Amino acid sequence: MILAADFYLRDDVVRISRDLLGKVLCTRVHGKLTKAIITETEAYAGVTDKASHAYGDRRTKRTEPMYGPGGTAYVYLCYGIHHLFNVVTNEEGVPHAVLIRAGNPVSGLETMLRRRNREKADKKLMPGPGTVAQALAITTDMTGTDLRGKKIWIEDHGIVIQESEISAGPRVGVDYAEEDAARLYRFIVNSH
DNA sequence: CGAATGATATACT
DNA sequence: GTATATCATTCGA
């Protein structure tokens, strides 16, 4: 079943990041259906978080989707090469988001392998946020679209991740964020 | 370890 | 309008 709006509209982005572990991210691009279970996430807590693009209420054309209602996609190009996919949370006007950092294939494996230019499904299939987006063909033209659309959506397969299987840690690649860089906003499912 | 690579934000003219 | 610094990274040595 597809995740309902009230899942995204809650006001605790850190809690939503943790709850997204075990959910299934799905895309249908060029007629190809691909699904991946989410195994790693990071929370970005809006205007007060120095690691967030929306820190200091910097509302620009790029960050605009984060100001939309929870359940919207925020995709942008990083380092000129990689598309990074985020789930917008909280009510409209509050720019909270969750970065999807890693996943495991559920279906459409052949398509993902081809997109990633790999032979076998190994640990290098989706080890980071850029590669997840590449495997699922997520691009910036999906930014601002609803996560219950025809091209991209998130399903709940009833998979329950126990607290004991989750590790929390500091976020990656945000050294510039000073004291906010140390926050435990990253969640990983063990057995990666 | 370090190059690749381009959109975007910001600070100029 | 034009210029330039800066990235929520990846891959191959």
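Everything numeric here is computed off the predicted structure, so don't read it as measured data.
At a threshold of 4.0 angstrom between heavy atoms, the contacts of A:R58 are confined to the sugar-phosphate backbone, with no base atom among them.
With rounding to the nearest 0.5 angstrom, the NZ atom of A:K50 is 3.5 Å from the CD atom of A:E179. Note that CG of A:L77 is 10.0 Å distant from CZ of A:R62, once rounded to the nearest 0.5 Å.
Tested against A:R101 for a side-chain contact (heavy atoms from CB on, under 4.5 Å), the candidates A:V172, A:V132, A:L84, A:T41 yield a single pass: A:V172.
Residues A:I2, A:L33 make up the rest of the hydrophobic cluster containing A:W153, defined by ILVMFWY side-chain heavy atoms closer than 4.5 Å, directly or through other members.
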**Request:** Determine, for nucleotides 8-13 of chain C in 5'-to-3' order, which nucleotides have protein heavy atoms under 4.0 Å from the base (write B), from only the sugar-phosphate (write S), or from neither (write -).
**Result:** BBSS--
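Within the 6.0 Å centre-distance limit, the rings of A:H53 and A:Y76 are counted as a close aromatic pair.
When Watson-Crick and G-U wobble pairs are counted only if both distances are under 3.5 Å, B:dT5 pairs with no nucleotide at all. Under the Watson-Crick or G-U wobble criterion, with both distances below 3.5 Å, C:dG1 is paired with B:dC12.
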